[in-house]
Amino acid sequence: MTLKTRFAPSPTGYLHVGGARTALFSWLHARHHGGRFVLRIEDTDLERSTAESVNAILEGMTWLGLEYDEGPFYQTHRFDRYNQVIDALLEKGLAYRCSCSKERLEKLREEQMAAKQKPRYDGHCRDRDVSPDEPHVIRFRNPLEGEVEFQDLIRGRIAVSNAELDDLIIRRSDGSPTYNLTVVVDDHDMGITHVIRGDDHINNTPRQINLYQAMGWEVPQFAHVPMILGEDGSRLSKRHGAVSVMQYKEQGYLPEALLNYLVRLGWSHGDQEIFSVDEMIERFDLKDVNRAPSTFNTEKLKWLNQQYIIHGDPARVAHLVSPHMGDLGIDPAQGPDLVEVVKAQRERAATLVELAQISAFYYRDFEQYDEKAAKKAFKGEADQALRAVRERLAALEDWQREPLHQAVTDTVEALGVGFGKVAMPLRVAVTGGSPSPDLDLTLHLVGREATLRRIDRAIEFIQSNR
RNA sequence: GUCCCGUUCAUCUAGAGGCCUAGGAUCCCAGCCUUUCACGCUGGUUACAGGGGUUCGACUCCCCUACGGGACGCCA
């Protein structure tokens, strides 16, 4: 039997980083073993499921490159099959009709809580033989005795006494099936061999195993991955800022950086920090997944993102940064080659958004000088230095790095000052104070026309601010 | 409240009884490099939740306590 894993989100919101990591682990486990990966949309909650959420999830999966071999399957398309299973359970006496009102259930729960007990259904209708004509739900007849035990691939042995489990509802009064039933039917029908999911499902696992056994089906392997917590240690949610995968795209993160960050959250391979997707696939093993929850840390994600910007293919980074330039109203086609700009600027930016911002001056004149930079660079005889260097630059025939550098050093020599006396004002004049690479490279990329224009502007600025 | 799961630097983690005076990474600090800002390099501060056992020896095994998270729904 081929190994098969699945990712089964419910479409009630965007794909968040916690879900994405669960999907990544499932995907890696399948890829590592040459198995198959299934995407299943668990949309049985008709009230809350939306088509927009489905699209958002699909979009996130695509952006991260977590391609699936089967699906997406939709549970709402499989109601006939669920009903068939429920009816079979009913016929075998493994499920029963229950007509308890919500009020009775509510009262029961309150009493149990007051008595310091775990709230659970008391089996009131278990042997009452409720008529199909009465309004009712269907409950699974959970075993009363013994315990359910399984070997979690991440946590080891987990056992729960059947006395802790109640008779769960598998069909609502409106006739729709519920989660614990559908997940078991689907995982069985789709041939899922390894169920990898968040550890908030640990408590559901024993009752699901009872369902498998009632149907006489083989029980899959389970692996429960720990949750991702927000910076304050509570469960990750909207109030922790960006939790949607697509928000990271908007904020200028590369998908491979997010993937790398996520894979190291709860999983490790010795001291290695950077993993290409191929390396992840090769080294991923569920036994190396941590049991404790971890906290999402944006600082480290940023560092990783910068590593990917610095060491990634400049042409690809240029392609990815281009839309962010567009957001600033810049058309990168009008100006220096974006790939060259990326190569010049990349170690100065942690995100593509930052990269776009610090590269804007290559394409258009900046609005104003960075105050601190201007104060430092434009003092003393700065205007004299600028005038002198402008003369030499203007005389240049070839606007290449070597002659540009020569022009600056010649000016320095003629003036008999330190290199910085000329270079600093020149740099600020041309960049406005934005982080920039070697001066000659900066001048080369900015171009002759803009360089001379900005020097003039700086001289004017200095004189009018005296 | 009941049940389940967990607990190594601020954060992500290495560690599978002696290799640990606990290693790496991010962050932070200092220095170097330097025409800005970064990158890079060097160094530094900081952790085995607490208490009992088991053992010649415990971060590693067992128990208890504390703390954190999760579940307890006609949500998934």
Side-chain angles (χ1 to χ4, degrees), chain A residues 8-12 42-45 47-49 75 98 100 102 105 109 112-120 136-139 152 155 158-161 163-166 168-176 178-180 182-183 197-206 224 226-227 229 231 233-235 261 264-274 287-288 290-304 306-307 310 345-350 358 370 372-373 376-377 408 412 418-428 431 433-440 442:
Chain A
S10 64
T12 54
E42 309 218 320
D43 53 355
T44 54
D45 183 351
E47 303 273 304
R48 297 195 299 156
S49 298
Q75 293 193 317
C98 165
C100 290
K102 288 187 180 176
L105 263 19
R109 183 171 303 126
Q112 287 166 329
M113 291 284 265
K116 303 191 174 186
Q117 286 170 341
K118 182 173 176 172
R120 47 160 138 20
H136 67 273
V137 299
I138 308 290
R139 287 183 185 272
D152 189 283
R155 289 154 205 275
I158 295 176
V160 176
S161 166
E164 295 295 330
L165 275 22
D166 63 358
L168 81 195
I169 293 170
I170 54 177
R171 178 149 71 201
R172 304 184 181 94
S173 49
D174 69 0
S176 63
T178 60
Y179 167 72
N180 279 298
T182 60
V183 74
R197 71 222 309 194
D199 72 3
D200 47 335
H201 287 289
I202 289 182
N203 293 286
N204 290 325
T205 307
H224 289 96
M227 314 232 72
L229 274 22
E231 314 251 1
S234 73
R235 189 179 183 156
Y261 179 71
R264 282 286 288 104
L265 213 50
W267 175 80
S268 60
H269 185 264
D271 286 338
Q272 188 171 345
E273 294 288 348
I274 310 265
K287 77 169 172 34
D288 297 319
N290 250 146
R291 285 170 298 276
S294 42
T295 308
F296 196 91
N297 180 237
T298 310
E299 290 301 323
K300 190 157 182 181
L301 203 213
K302 275 184 116 164
W303 172 76
L304 265 171
Q306 180 163 32
Q307 294 301 310
I310 293 173
Q345 294 288 91
R346 58 183 169 179
E347 63 263 28
R348 274 165 274 267
I358 63 168
D370 176 76
K372 265 174 79 179
K376 199 172 163 198
V408 176
V412 166
F419 192 84
K421 283 276 186 260
V422 176
M424 285 241 295
L426 180 53
R427 181 184 295 282
V428 175
T431 67
S434 182
S436 47
D438 283 352
L439 189 53
D440 48 297
T442 306

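Chain naming here is simple, since letters A, B, ... match the order of the sequence lines and numbering starts at 1 in each.
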Rounded to the nearest 0.5 Å, what separation is found between the [atom1] atom of [X] and the [atom2] atom of [Y]?
{"X": "A:Leu439", "Y": "A:Met424", "atom1": "CG", "atom2": "CE", "result": "11.5 Å"}
{"X": "A:Gln75", "Y": "A:Tyr179", "atom1": "CD", "atom2": "OH", "result": "9.0 Å"}
{"X": "A:Ile170", "Y": "A:Ser176", "atom1": "CD1", "atom2": "OG", "result": "12.0 Å"}

Item to complete: Apply salt bridge (Lys or Arg N to Asp or Glu O under 4.0 Å) to the pair A:Arg155 and A:Asp199, showing each step before the final yes or no.
Response: CA-CA 10 Å; A:Arg155 289 154 205 275; A:Asp199 72 3; 3.2 Å; yes
Just compare [options] and give me whichever is closest to any side-chain atom of [X].
{"X": "A:Ile310", "options": "B:rU35, B:rC39, B:rA76", "answer": "B:rC39"}
{"X": "A:Met227", "options": "B:rG6, B:rG70, B:rU35", "answer": "B:rG70"}
{"X": "A:Trp303", "options": "B:rG70, B:rC72, B:rA25", "answer": "B:rA25"}
{"X": "A:Leu439", "options": "B:rU35, B:rA76, B:rA71", "answer": "B:rU35"}
{"X": "A:Ile169", "options": "B:rC74, B:rC5, B:rC3", "answer": "B:rC74"}
{"X": "A:Asn297", "options": "B:rU11, B:rC3, B:rA14", "answer": "B:rU11"}

Hunt down the Watson-Crick or G-U wobble partner of [N], both distances under 3.5 Å, from any strand shown, or write none.
{"N": "B:rU60", "result": "none"}
{"N": "B:rG6", "result": "B:rC67"}
{"N": "B:rA76", "result": "none"}
{"N": "B:rG40", "result": "B:rC32"}

Protein-nucleotide distance ([X], atom [atom1]; [N], atom [atom2]), rounded to Å:
{"X": "A:Lys376", "N": "B:rU36", "atom1": "NZ", "atom2": "P", "result": "7 Å"}
{"X": "A:Met113", "N": "B:rU2", "atom1": "CE", "atom2": "C1'", "result": "9 Å"}
{"X": "A:Glu347", "N": "B:rC33", "atom1": "CD", "atom2": "P", "result": "19 Å"}
{"X": "A:Asp271", "N": "B:rG15", "atom1": "CG", "atom2": "P", "result": "9 Å"}

Under 4.0 Å between any heavy atoms, over every strand shown, what does [X] touch: base, sugar-phosphate, or nothing? Just pick one.
{"X": "A:Ala373", "value": "nothing"}
{"X": "A:Arg291", "value": "sugar-phosphate"}
{"X": "A:Ser436", "value": "base"}
{"X": "A:Arg155", "value": "sugar-phosphate"}
{"X": "A:Asn290", "value": "sugar-phosphate"}
{"X": "A:Gln117", "value": "base"}
{"X": "A:Pro293", "value": "sugar-phosphate"}
{"X": "A:Ser173", "value": "base"}
{"X": "A:His201", "value": "base"}
{"X": "A:Leu265", "value": "sugar-phosphate"}
{"X": "A:Arg171", "value": "nothing"}
{"X": "A:Lys102", "value": "base"}
{"X": "A:Lys116", "value": "sugar-phosphate"}
{"X": "A:Gly418", "value": "nothing"}

Worksheet item: Is there a side-chain polar atom (N or O) of A:Ser268 under 4.0 Å from OP1 or OP2 of B:rA14?
Response: yes
Worksheet item: For A:Thr182 and B:rA76, is the shortest distance between a side-chain N/O and OP1 or OP2 below 4.0 Å?
Response: no
Report yes or no: is there a donor-acceptor pair, N or O only, under 3.5 Å between the side chain of [X] and the base of [N]?
{"X": "A:Glu273", "N": "B:rG24", "value": "yes"}
{"X": "A:Asp43", "N": "B:rA76", "value": "no"}
{"X": "A:Arg348", "N": "B:rC37", "value": "yes"}
{"X": "A:Lys300", "N": "B:rC12", "value": "yes"}

Practice prompt. State, to 0.1 Å, how close A:Tyr261 and A:Asn297 come at their nearest heavy-atom pair, and which atoms those are.
Written response: OH-N, 2.7 Å
In whole Å, what separates the [atom1] atom of [N] from that of [M]?
{"N": "B:rG68", "M": "B:rU8", "atom1": "P", "answer": "15 Å"}
{"N": "B:rC62", "M": "B:rC20", "atom1": "C1'", "answer": "23 Å"}
{"N": "B:rC9", "M": "B:rC63", "atom1": "C1'", "answer": "28 Å"}
{"N": "B:rA49", "M": "B:rC67", "atom1": "C1'", "answer": "8 Å"}
{"N": "B:rA14", "M": "B:rG24", "atom1": "P", "answer": "15 Å"}
{"N": "B:rA22", "M": "B:rC41", "atom1": "P", "answer": "24 Å"}
{"N": "B:rC56", "M": "B:rA47", "atom1": "P", "answer": "31 Å"}
{"N": "B:rC64", "M": "B:rG6", "atom1": "P", "answer": "14 Å"}

Worksheet entry | Residue pair A:His224 / A:Thr205, side-chain heavy-atom distance below 4.5 Å | yes
Discussion item. Side chains of A:Leu265 and A:Phe296, heavy atoms from C-beta outward: is any pair under 4.5 Å?
Written reply: yes
Fill in: A:Thr178 side chain vs A:Ile169 backbone, donor-acceptor pair below 3.5 Å
yes
